[in-house]
Student: 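What follows is a structure written as structure tokens; I'll ask about it next.
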Amino acid sequence: MAFPTSLPVPRTPDSMEAPALRWGILGPGWIAEQFVESLQAHTRQQVVAVGSRSADRAQDFADRYGIETAVGGYDQLVGLDDVDIIYVATPHKNHLEHAVMSMDAGKHVLIEKPIALNAAQAREIAAKAEETGVFCAEALWTLFQPKWDVLRQVLADGGLGTVKSVYADYGEYFADDHRILDPGLAGGPLLDLGTYPIAYVTSLLGPANQVAAVGQPDPRGVNGQLAATMTHAEGAMSVIATTVYGWTRNEIKIVGTEGVLTVEALHNSPGPISVTSADRGTTLTHDEPFGDQVAGLHYQATEAARRIAAGETQTPIRTLVSSIVSMEAMDAIRREIGITFEAAGLVE
Ligand SMILES: NC(=O)c1ccc[n+]([C@@H]2O[C@H](COP(=O)([O-])OP(=O)(O)OC[C@H]3O[C@@H](n4cnc5c(N)ncnc54)[C@H](OP(=O)(O)O)[C@@H]3O)[C@@H](O)[C@H]2O)c1
């Protein structure tokens with residue numbers, strides 16, 4: 001184990017080279033727009049159909065993005081013969097139903113984050129994927145970007161020594177009418193924003209053992225902000241925080257015995273990472289240009305396309321077990337604070 005002399009280059013393949021899948025978009029909302037723009041700008045993937053609860057909204061989306069087929073009804077979308085994979089982009093509380101509906105129709109699925117509302121639902125999705133034999137993954141897009149491949153290589157090479165702790169936060173400001181403030185849609189920052197820090201700490205350190213968490217309710221009926229400290233195997237610890245009240249640092253720090261790796265803000269978007277030696281004498285930087293969703297969402301789609309072409313049903317970048325482990329940590333945080341999603345119909 002030694003601090004590196006240079007950083008590895010990302011091994012992420014060119015998205016233009018991935019075999020083309022025929023995509024169906026389920027839920028034509030905000031993230032679906034970014035996703036389709038990203039596919040159309042950076043890949044050869046074909047977006048061939050879109051399904052909405054409203055035929056007019058489906059047609060409007062199809063017209064804007066030059067999509068051949070628009071249907072009013074998600075069941076019609078998943079039943080289309082010329083669709084290979086469904087991108088589930090509805091609110092979190094609908095992910096289980098829409099993922100299962102798609103897989104039952106024999107379609108591969110890429111499910112927006114969080115994969116579901118809790119670990120029990122995530123396990124149901126994994127069981128359906130196993131039963132139907134289709135490809136299934138959570139669209140935790142950060143993990144698919146080139147900088148994250150650099151990070152994985154630094155860790156695998158022992159460049160940070162033994163990883164002792166991970167610090168990650170995610171805060172954003174939201175206007176009153178945003179769905180994150182709607183208790184009926186399982187609002188609050190944890191599932192929407194906190195998903196990222198939780199995915200980072202659990203994929204870097206493994207499942208949470210002890211969990212200590214505090215939070216503050218918001219008068220609009222959701223949790224407004226929370227923080228959690230967790231312990232993990234082999235003496236590691238993590239600290240996460242998330243809020244709907246404003247933009248926080250939105251960085252990740254991975255602290256090892258030989259050095260500290262920083263994923264600069266916004267940690268979930270394309271952007272640089274740096275690695276500083278424990279004595280702070282040397283800093284190495286991976287200069288990925290800053291970018292937005294359109295610049296970064298395509299990597300998860302082309303990873304799915306390559307895995308499917310190879311006959312695989314999951315991606316090692318975000319296995320279903322890793323999604324379940326994330327949901328287990330979020331369940332534990334919610335239990336500590338007393339956050340429920342009863343208003344969204346979740347019975348636990
Ligand atoms: N990866 C990322 O960076 C990122 C960013 C934002 C959001 N997301 C995730 O993507 C999902 C959707 O978020 P979004 O911001 O795109 O939401 P959004 O703009 O509200 O879009 C959600 C879409 O789902 C459909 N829908 C179905 N049932 C619904 C219901 N009960 N209430 C509202 N809409 C319903 C609606 O389409 P129709 O009614 O027309 O069918 C709507 O357009 C969430 O799980 C979120 O966590 C990911």
Student: Listed by chain and number, what are the side-chain hydrogen bond (donor to acceptor under 3.5 Å, both in side chains) partners of Thr276, not counting sequence neighbours?
Tutor: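 Thr276: side-chain hydrogen bond (donor to acceptor under 3.5 Å, both in side chains) contacts with Thr283.
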Student: So Val48 and Val83, do their side chains get closer than 4.5 Å, heavy atoms only?
Tutor: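 They are in contact (side-chain heavy atoms under 4.5 Å apart), so the answer is yes.
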Student: Any chance you could measure Thr242, atom OG1, to Met330, atom CE, to the nearest 0.5 Å?
Tutor: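 Thr242 atom OG1 to Met330 atom CE measures 10.5 Å (nearest 0.5 Å).
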Student: How many angstroms lie between CG in Leu151 and CD1 in Ile252, if you round to the nearest 0.5 Å?
Tutor: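 Taking CG in Leu151 and CD1 in Ile252, the distance rounds to 7.0 Å.
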Student: Restricting to non-hydrogen atoms, name the atom on Gln225 and the atom on Asn223 that form the minimum distance, rounded to 0.1 Å.
Tutor: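 Reported closest heavy-atom pair: O-ND2, 3.1 Å.
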Student: If you count every heavy atom of other residues, nucleotides or ligands that lies below 6.0 Å from Arg44 atom CZ, does the total exceed 12?
Tutor: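 Atom CZ in Arg44 is crowded, with more than 12 foreign heavy atoms closer than 6.0 Å.
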Student: Measure across Leu26 and Ser102 and return the closest heavy-atom pair with its distance rounded to 0.1 Å.
Tutor: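 What the structure gives for the nearest pair is CD1-OG, 4.1 Å.
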Student: Look at Arg249 together with Glu264 and state whether they make a salt bridge at an N to O cut-off of under 4.0 Å.
Tutor: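 Salt bridge absent between Arg249 and Glu264.
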Student: Indicate yes or no: at least one non-hydrogen side-chain atom of Gln121 is less than 4.5 angstrom from one of Leu346.
Tutor: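 The answer is yes; the side chains approach within 4.5 Å.
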Student: Do Gln76 side-chain atoms and Gly72 backbone N/O form a donor-acceptor pair below 3.5 Å?
Tutor: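 Checking the backbone N and O of Gly72 against the side chain of Gln76, a donor-acceptor pair under 3.5 Å is found.
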Student: Would you say the side-chain atoms of Gln45 pair up with the backbone N or O of Leu21, donor to acceptor, closer than 3.5 Å?
Tutor: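 Yes; judged by distance alone, with no hydrogens or angles, the pair exists.
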Student: Whether the Ser277 and Asp279 side chains hold a donor-acceptor pair (N or O, under 3.5 Å, no angle test) is what I'd like checked.
Tutor: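 The criterion, which ignores hydrogens and geometry beyond distance, is satisfied for Asp279 and Ser277.
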Student: Quick one: pull up CZ in Phe135 and CD1 in Ile308 and give me the separation to the nearest 0.5 Å.
Tutor: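 Rounded to the nearest 0.5 Å, the CZ-CD1 separation comes to 5.5 Å.
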Student: Is Arg64 paired with Glu33 through a side-chain N to carboxylate O contact shorter than 4.0 Å?
Tutor: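 Yes, this pair counts.
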Student: Any side-chain donor paired with an acceptor under 3.5 Å for Gln153 and Asp157?
Tutor: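 Result is no, nothing qualifies.
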Student: Counting C-beta onward and ignoring hydrogens, is there a side-chain heavy-atom pair between Leu160 and Val260 closer than 4.5 Å?
Tutor: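 Leu160 does not reach Val260 side chain to side chain.
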Student: Going by heavy atoms in the side chains, are Leu204 and Ile254 under 4.5 Å from each other?
Tutor: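 In contact.
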Student: I need the full list of ring-ring contact (aromatic ring centres under 6.0 Å, His included) pairs touching residues 312-348, with sequence neighbours left out, sorted by first then second residue.
Tutor: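 Those involving residues 312-348 do not exist here.
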Student: Please determine if Lys107 and Asp84 form a salt bridge, counting it only when a charged side-chain N lies under 4.0 Å from a carboxylate O.
Tutor: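 Salt bridge absent between Lys107 and Asp84.
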Student: Judged by atom type as modelled, is there a donor-acceptor pair below 3.5 Å linking the side chain of Arg123 to the main-chain atoms of Val321?
Tutor: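 The answer is no, because no donor-acceptor pair under 3.5 Å joins these two groups.
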Student: List in chain and number order the residues that pass side-chain hydrogen bond (donor to acceptor under 3.5 Å, both in side chains) with Asn94, two or more places apart in sequence or in another chain; answer none if no residue qualifies.
Tutor: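 Asn94: no side-chain hydrogen bond (donor to acceptor under 3.5 Å, both in side chains) contacts found.
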Student: Considering all heavy atoms of both residues, which atom of Val78 and which atom of Ala105 are nearest to each other, and what is their separation?
Tutor: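 For Val78 versus Ala105, the nearest heavy atoms are O-CB, 3.4 Å.
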Student: Out of Tyr87, Tyr65, Trp141, which residue meets the ring pair (Phe, Tyr, Trp, His ring centres under 6.0 Å) rule with Phe35?
Tutor: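 That would be Tyr87; it is the only one of Tyr87, Tyr65, Trp141 passing the ring pair (Phe, Tyr, Trp, His ring centres under 6.0 Å) with Phe35.
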Student: Mind checking whether Val325 and Ile111 sit in one hydrophobic cluster, side chains of I, L, V, M, F, W, Y counted as touching below 4.5 Å?
Tutor: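 Different hydrophobic clusters.
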Student: Would a 4.5 Å heavy-atom cut-off, applied to side chains only, mark Glu68 and Gln46 as touching?
Tutor: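 A side-chain contact is absent here, since even the closest heavy-atom pair is not under 4.5 Å.
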Student: Is there a side-chain hydrogen bond (donor to acceptor under 3.5 Å, both in side chains) between Thr248 and Asn250 once you walk through the steps?
Tutor: CA-CA 5 Å; Thr248 56; Asn250 296 328; 3.1 Å; yes
Student: Considering only NZ, NE, NH1 and NH2 on the basic side and carboxylate oxygens on the acidic side, decide whether Arg220 and Asp182 come within less than 4.0 Å.
Tutor: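 Salt bridge between Arg220 and Asp182, a charged N being under 4.0 Å from a carboxylate O: no.
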Student: Can you see which heavy atom on Val163 is nearest to which on Ala236, and at what distance?
Tutor: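 Distance-wise, the nearest heavy atoms are O-CB, 4.1 Å.
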Student: State which residues pass side-chain hydrogen bond (donor to acceptor under 3.5 Å, both in side chains) with Ser274; sequence neighbours excluded, sorted by chain then number.
Tutor: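 Ser274: no side-chain hydrogen bond (donor to acceptor under 3.5 Å, both in side chains) contacts found.
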Student: Is there a chain of hydrophobic side chains (I, L, V, M, F, W, Y, each step under 4.5 Å between heavy atoms) that links Leu117 to Ile31?
Tutor: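 Yes, Leu117 connects to Ile31 through the hydrophobic network.
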Student: Using the rule that two of Ile, Leu, Val, Met, Phe, Trp, Tyr join whenever any of their side-chain heavy atoms come within less than 4.5 Å, decide whether Leu266 and Trp30 are in one cluster.
Tutor: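 Both belong to a single hydrophobic cluster.
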Student: If two hydrophobic side chains count as joined below 4.5 Å and joins carry through other members, does Leu185 share a cluster with Val244?
Tutor: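 Leu185 does not cluster with Val244.
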Student: With side-chain hydrogen bond (donor to acceptor under 3.5 Å, both in side chains) as the test, would you mind laying out the steps for Trp247 and Glu172 before giving the verdict?
Tutor: CA-CA 4 Å; Trp247 292 82; Glu172 271 193 41; 5.2 Å; no
Student: Please say whether more than 12 non-hydrogen atoms of neighbouring residues, nucleotides or ligands are located less than 6.0 Å from CD in Glu131.
Tutor: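 Atom CD in Glu131 is packed in, count exceeds 12.
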Student: For Phe174 and His178, take the angle between the two ring planes, folded into 0 to 90°, and tell me which bin it lands in: parallel under 30, tilted 30 to 60, perpendicular over 60.
Tutor: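 Because their plane-to-plane angle lies in the 30° to 60° range, the rings of Phe174 and His178 count as tilted.
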Student: Among residues two or more places apart or on two chains, list those pairs meeting ring-ring contact (aromatic ring centres under 6.0 Å, His included) that have a residue in residues 269-309.
Tutor: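 Found His42-His298.
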Student: Quick check against the 3.5 Å criterion: does Glu288 have a side-chain atom that pairs as donor or acceptor with the backbone of Lys147?
Tutor: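 Yes.
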Student: Does the Ser54 side chain pair with the main chain of Arg57, one donor and one acceptor, at a distance under 3.5 Å?
Tutor: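 Yes; judged by distance alone, with no hydrogens or angles, the pair exists.
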Student: Taking the side chain as every heavy atom from C-beta outward, state whether Leu96 and Glu124 have any pair of such atoms under 4.5 Å apart.
Tutor: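 Yes, at least one pair of side-chain atoms sits under 4.5 Å.
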Student: Which atom names give the shortest non-hydrogen contact between Arg334 and Leu190, and what distance separates them?
Tutor: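 So the minimum-distance heavy-atom pair works out to CG-CD2, 3.4 Å.
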Student: List the atom of His92, the atom of Ala186, and the distance in Å for their closest heavy-atom pair.
Tutor: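 So the minimum-distance heavy-atom pair works out to CD2-O, 3.9 Å.
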Student: In a check of side-chain contact (heavy atoms from CB on, under 4.5 Å) between Glu138 and each of Val109, Thr319, Ile125, Thr195, which one passes?
Tutor: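 Going through the options one by one, the only one that passes is Thr195.
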Student: Between Ser323 and Ile115 (side chain of the first, backbone of the second, donor and acceptor by atom type, cut-off under 3.5 Å), is there such a pair?
Tutor: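 Looks like no, no N/O pair under 3.5 Å.
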Student: Within the structure provided, determine whether Lys113 and Arg318 are in side-chain contact (heavy-atom separation under 4.5 Å).
Tutor: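 Lys113 does not reach Arg318 side chain to side chain.
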Student: Not counting sequence neighbours, which residues clear side-chain hydrogen bond (donor to acceptor under 3.5 Å, both in side chains) with Glu17? List them please.
Tutor: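 None.
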Student: Using 4.0 Å as the upper bound for N to carboxylate O, is an ion pair formed by Arg11 and Asp149?
Tutor: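 Arg11 and Asp149: salt-bridged.
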Student: For Glu312, does the CD atom have more than 12 heavy-atom neighbours from other residues, nucleotides or ligands under 6.0 Å away?
Tutor: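 Correct, the count exceeds 12.
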Student: A side-chain contact here means heavy atoms from C-beta on lying under 4.5 Å apart; do Pro13 and Arg306 qualify?
Tutor: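 Yes, side chains in contact.
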Student: Among Tyr167, Trp148, Tyr200, which one satisfies ring pair (Phe, Tyr, Trp, His ring centres under 6.0 Å) with His267?
Tutor: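 So the option named by the test is Tyr200.
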Student: Taking a hydrophobic cluster as the set of Ile, Leu, Val, Met, Phe, Trp and Tyr residues connected by side-chain heavy atoms closer than 4.5 Å, whether directly or through intermediates, do Val239 and Val201 fall within one such cluster?
Tutor: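 In one cluster: no.
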Student: Could you tell me the separation between the NE2 atom of His98 and the OH atom of Tyr74, rounded to the nearest 0.5 Å?
Tutor: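 That separation rounds to 5.5 Å.
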Student: Does this structure show an ion pair linking Arg307 with Glu303, if we count only N-O contacts that are shorter than 4.0 Å?
Tutor: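 So Arg307 pairs with Glu303 through a salt bridge.
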Student: Could you measure the distance from the CG atom of Asn118 to the CG atom of Asp331? Nearest 0.5 Å is fine.
Tutor: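 Answer rounded to 0.5 Å: 5.0 Å.
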Student: Establish, from distance only, whether the side-chain atoms of Tyr170 and Asn268 form a donor-acceptor pair under 3.5 Å.
Tutor: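 The criterion, which ignores hydrogens and geometry beyond distance, is satisfied for Asn268 and Tyr170.
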Student: Can you tell me how far SG of Cys136 sits from CG of Leu110, rounded to the nearest 0.5 angstrom?
Tutor: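 Between Leu110 CG and Cys136 SG, I get 9.0 Å after rounding to 0.5 Å.
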Student: Ignoring hydrogens and angles, state whether a donor on the side chain of Thr90 or Arg53 is under 3.5 Å from an acceptor on the partner side chain.
Tutor: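 Side-chain D/A pair, Thr90 to Arg53: absent.
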